[in-house]
Structures are given as structure tokens and as C-alpha cells.
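Throughout, a chain's letter reflects where its sequence line sits, starting with A, and its residues are numbered from 1.
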Amino acid sequence: MAEEEKSLNFIEHIIEDDLKEGFDKEKLRFRFPPEPNGYLHIGHASSICLNFGLGEKYDAPVNLRFDDTNPAKEEQEYVDAIKRDVEWLGYKWSEVRYASDYFQQLFDWAVEFIKNGKAYVDSQTSEEIAAQKGTPTTPGTDSPYRNRSVEENLDLFQRMKNGEFESGTHVLRAKIDMSSSNMLMRDPIMYRILHKAHHRTNTDWCIYPMYDWTHGESDYIEQVSHSFCTLEFAMHRELYNWFLEQVSNPNQVQPKQREFARRNLSHTIVSKRKLLRLVEEGIVNGWDDPRMPTISGLRRRGYTPESIKNFVKTIGIAKRENLIDVSLLEFHAREDLNKKAPRIMAVLDPLKVVITNYPENTDEYVDSENNPEDEVLTYRKVPFSREIYIEKEDFREEANRKFFRLKLGGEVRLKNAYIIKAEKAIKDEDGNIIEVHCTYDPLSKSGSGTEESKRKVKGTLHWVSIKDAKEVEVREYDRLFTEAEPDRHEGKDFLEFVNPDSLRVIKGYVEPSVEEAKIGDHFQFQRIGYFNVDPDSTNEKLVFNKTVGLRDSWAKIDKS
RNA sequence: UGGCCUAUGGUGUAAUUGGCAACACAGCUGGUUUUGGUCCAGUCGUUCUAGGUUCGAGUCCUAGUAGGCCAACCA
């Protein structure tokens, strides 16, 4: 297999440079570090593909590490969902780790900090500490507790751990520099008291380490060589390195943090906090609602792992601001599904057609290709009959030459079946067309080899035999937000831009072969789009999600 | 009145590290087609600005400009 990819992203350049400078390839090690406080979304897919992709490229281990230092927000449900999503994308982690695995080690190191005068217990309120922190343009001031004795600090810290104090009464702070231009270096908090059960350590601890104190040390413990995170952590790097210097042994790998820009997708949001609001406020039906940009939502919508991975590969990784149009994601869904999804016929907005010269009671089946993209074509039998449904929009009483579909006096081919001619439109008392009478050419049957079957007619329509069709529920989705960047309108809440018409539930009529469909199966409804079977389906009624429509160049012509 | 980061077609990302600006998507023109799908061909650029170094600058230097991030006992 010849791989042509030669251009590297800036992260790969960093690794290549390190290798060139003598870093041992065998020591390359990565990690994907989600906080289990929500479901993974399309933005995380970039990080997952980056880290696990690097693991595959360099044959290096990649840990799945849960950053579980805040029991107030984290839950086992999220741990399970995250594992499921990473596996579904097709990646294998070396080990599952938890930051909470390191609580004891972190505590022991913190005690060393105190003994070395690198940390102290501050007994002020969070407001007081915030006030002393200064601002980005003015330096902070020292806490009155900054110079407590080692003995007092040790005693206090131990009693914090023992649960002798109320939440919020004391914190352990690193003693660094209150006048640093980097606010994070102004004596950052290492521990806070939180009397809250943790999803893994239960009530073993009532002090919990903060992110900055935990993350880099976890990387170090796991001997992660390259630790990638998003741009907003760039300022944390100085602190990451400072903490590392205090504990690290020079013979060990010194993890290197580097930052990349988060990917922003148009017409949606990629923020767990905001996604949680959509779920909690009932705007969507859960984290896996097919309108959600979560991995589980996309899966339910009908996206394949390959389509997501190809999308991520295409958008790449860099450091600049970006807004990726959601249509690119849709392109990758079509690209993958075009190869994989079997074609079937379904009518979603039915108009009855009666073929007046077709015999009343016959059982005729026509051969239909399952997928014209397959190298070896396979076929199935589809029942044809005197009364069929076509799409309402495929018939007009009158139309110009650009309209390739059925019009009075005009001919079209019924896909895989016969050429028909529209003779008469039947209307109700309000003038709505409720039925079209046609005649067919019995010699024009597809594949029969006759002269008539080879005739070229401009339009080809999909159809279903009314007596054989299966009624199904079809859920059509539109973008969840009406604005490209719903969370970037100053002074406005992103929920103001929720698209009220993002879900449309309709009835559809599908050829009988769908009876064998299983949950998750993908199909192309010919001339319409890609659909998959939703888990809400029952034995009585199948439910389909519209993943994405086919490209529709007619829609553009018709509009002009 | 600070610090850190970024700037390449409509969008996203490249450019063998100083050597003809490329790829994908979108758009537009055509062609093929029993899916107005797929596929194929063509088309679409003052590399943020101004100076400078150089035979040669997207790449290096200087000065601007624009945008993002930084003051949670969140991650």
C-alpha cells in the first residue's frame, strides 16, 4: 500500500524534529484526556484522531485518561459513553487510566512541596484570593498566609485531607510569583476541599487536586512524551513546566505540552457546557439526538466512523482561528455512504399513479441494482404493480424543457421498470392533484433488451408499488441553529438562535425489502438521500433518520 | 494599559525549511449516466499592510494592523 501523504501538520513536525534531535522513537507516548463531564463531540474527534492517529503512525501507546478531578461534575455515565465513542471510531487505547489513580502520589508530592517551601495553605475566602490576584495588567499581592511555617502548613494540609474543615475554608497554593505577567503563575491553587463523593474514589478523599496540578504530573507518571491540548491552555504551559520541574527525575521523559486550535463547526456549538444545556433544557432529546454534534448523535444520525475520520483528516490541525462549514462534514457522509449504502426506493411525499393499461392482478417483480458503485453488481426483486406512488414534486401538469420529470403528455422511465406517459391529472374539489393516470409501454421494461427498453427518456423516477409498500416513520433534520456562529453574538444567548424547524417527522412508503433492515443499517433512498434505521424502531414500525440529502443540482435550477 | 498566540482563494489545510503557491470542499462551464446522485474535464488567487535583507521571500528582519486567549476553590 503506497501512502502518498507527505505533508505534515505542525504537531507532526514537532515530533519529527524531536526525533531528529535524538529523542528515542520507542519513548513516544500519547494520551487522550477527556473529562467525564459530558459526551464527546465532533471537536473531540480531532483530538482523538490526532493522538490515536499519532499512536498508529509511530506505533506508540496511547492511553485513554479520564481527567476526573472534579467530582461535582463528573459521572460514570460519561466514562462509559466516552469509551464507547472512542471504540466506535475504531481506536484502541493502550490502557485506561484515571487522574484519580494518582491522588495519593499527587498528595505525597504536595507534602514535599510544603516541606520545600513551594506550597502553603491559604485560609482566605475565594473572593479574597481573587481580589489579591490582580488583573492581566496589574500585579497581584501576597496572601497574608503566604509565609506560614512549614510545620503549620503540614498540619493544616493533613487536617484538610482528614476532613476536619468545611468545603471552601482552606486551599493549598503553590508559592510562585504574585507579580508574574502570567496570571496562572500567581500562586495557583493546587487543592481545594470538596466534601463530595467521587465516581471512583467515593469518599476516600475530601480534597481534590486542580487541573494544572494534576494534568502534567499525570502525563509524567504515564511517561507521555507529547501532551496535546487546545489553544486556551497555552498560558498553562509555563505552569505545567514549573510543576514538572519540581518533581521530575532527569532520567525520565519530560512530557512536552503543545497547543492546537479547536475546530469550530458552523451552525452548531462545540462546548460541553452548552451541549449540556441543550440536553437539560429539553431542546434536544438527549446527548445522542441526531441533531447533536456529539459523536453519539452523529452515529445515530447515520454518520460512519470513516466519514468522521476523513472529515477530521481533511480539516487538519493548526493554530489559527477557524470556522469549518458543516457542509464539509456532510460531503464526507455522502462520500462514504455512496460507496457503502445499498439503494432502495422510498417515496416520502406520495402521489398516486394508476397505470391504466397495466393488468389488474399480476405479481411482477423487477430486478434492481443494490449499489451501482459495487464492483460486482448484485440485484434484488422489487414488486411492481398497476398502482404506484411517486413523489408529488415529480409531477407537474405543465412545465418547461428543464423539467425532466413527469408532465401531462410527457414520458419518464420508472427506475428499473417501464416507461410511462402521463395522460390525465385527477383533482379534488379544491383543484389539488390527487392522482395521475398514465399508460405504460409493455415492451420498455428495463433490462429486457428490446429496442423499446433502450429508448432514451430524459427523466427517471423512483416509485413504490402501493400494495407492497411498507409504511415507515422518517425523521428529517435541519441545522440546529439558524446562525453560523450561535455562540458568538455578543450579548445574546446562543439558545436564541435555535432553529425551531430542526426536526420534521413524516410518513414514508418504502419497498418491502426494508423489512429485513436492522438498527443502524444505512440506505440510500434513491434520488433523495442517505438514511439509517433508528433505535426507536419496533417490529411494527421502522424509524429512519435522514443522514444527509443527495446533492441536488435540480434544486438550484428550479430556484433560478 | 501588560503577557501569550495567530494571519495563505468563499471555507479548511499544505508548500521538499529561502527556489514556479498546492490539495480538498464550495461555486461556475461542459461531458457521461435508467439516481438532476456518482464519475470525468475545465474554470476561479494582489500569501493582512508598509519597509528591509537576498539573484530570489508565503517563509528571514523591523514597524504596524486585525483577530483570539489570560483575573473559576472548572477542565
rG37(B) versus rC25(B) - spacing of their P atoms, nearest Å | 15 Å

With C1' as the reference atom in both, quote the distance from rG58(B) to rU16(B) in angstrom, rounded to an integer.
-> 15 Å

G-U wobble or Watson-Crick pairing nucleotide for rU16(B) (cut-off 3.5 Å, both distances) = none

May I have the step-by-step check of salt bridge (charged side-chain N to carboxylate O under 4.0 Å, His left out) for Glu391(A) and Arg405(A), ending in yes or no?
-> CA-CA 10 Å; Glu391(A) 300 289 344; Arg405(A) 308 175 181 192; over 6 Å; no

Same-atom distance (C1') from rC23(B) to rU65(B), integer angstrom | 30 Å

Between the base of rG36(B) and the side chain of Arg405(A), is there any donor-acceptor pair under 3.5 Å?
-> yes

Any chance the rings of Phe523(A) and Phe531(A) have centres within less than 6.0 Å?
-> no

When you compare rA26(B) with rU59(B), how far apart are their C1' atoms, in angstrom units rounded to a whole number?
-> 28 Å

Counting any heavy atom closer than 4.0 Å, what does Arg413(A) reach on the DNA or RNA strands: base, sugar-phosphate only, or nothing?
-> base

Give none if rA24(B) has no partner; otherwise give the nucleotide forming a Watson-Crick or G-U wobble pair with it, both distances under 3.5 Å.
-> rU11(B)

Nearest-angstrom distance, P atom, rG67(B) to rC60(B) = 24 Å

Return the stacking result for rA75(B) and Tyr211(A): yes when the ring centres lie under 5.5 Å apart and the planes under 30°, no otherwise.
-> no

How would you label the contact of Phe331(A) with the nucleic acid (heavy atoms, under 4.0 Å): base, sugar-phosphate, or nothing?
-> sugar-phosphate

Within the structure shown, what part of the strands sits under 4.0 Å from Lys415(A) by heavy-atom distance: base, sugar-phosphate, or nothing?
-> base

Decide whether Asn310(A) and Glu306(A) meet the rule of one side-chain donor and one side-chain acceptor closer than 3.5 Å.
-> no

According to the Watson-Crick and G-U wobble definitions, with both distances under 3.5 Å, which nucleotide is paired to rA75(B)?
-> none

Is rU47(B) paired to anything, Watson-Crick or G-U wobble with both distances less than 3.5 Å, and if yes, which nucleotide?
-> none

What distance, rounded to whole Å, do you find between the two P atoms, one in rA14(B) and one in rU53(B)?
-> 31 Å

Look at the side chain of Arg263(A) and the base of rU13(B), then say whether one donor and one acceptor between them are separated by less than 3.5 Å.
-> no

Please say whether the positively charged group of Lys415(A), taken as NZ for Lys or CZ for Arg, lies over the ring of Trp463(A), i.e. under 6.0 angstrom from the six-membered ring centre and within 45 degrees of the axis.
-> no

Testing rG37(B), rG67(B), rU34(B) for proximity to the side chain of Lys456(A), the answer is rU34(B)

For rC61(B) and rC44(B), measure between their P atoms and round to the nearest Å.
-> 34 Å

Is the base of rU17(B) syn or anti, where syn means the angle lies within 90° of 0?
-> syn

Could you check whether His236(A) gets within reach of a base, just the sugar-phosphate, or nothing at all, counting any heavy atom under 4.0 Å?
-> base

Looking for any heavy atom pair under 4.0 Å, which part of the strands does Gln526(A) touch: base, sugar-phosphate only, or nothing?
-> base

Looking for any heavy atom pair under 4.0 Å, which part of the strands does Asn416(A) touch: base, sugar-phosphate only, or nothing?
-> base

For Thr137(A) and Arg334(A), take the nucleotide of RNA chain B holding the closest heavy atom to each; which residue's nucleotide lies nearer the 5' end?
-> Thr137(A)

Checking all strands, does Arg343(A) fall into the base, sugar-phosphate, or nothing category for heavy-atom contacts under 4.0 angstrom?
-> base

Indicate, with a heavy-atom threshold strictly under 4.0 Å, whether His462(A) touches base, sugar-phosphate, or nothing.
-> nothing

Same-atom distance (P) from rU1(B) to rU8(B), integer angstrom = 32 Å

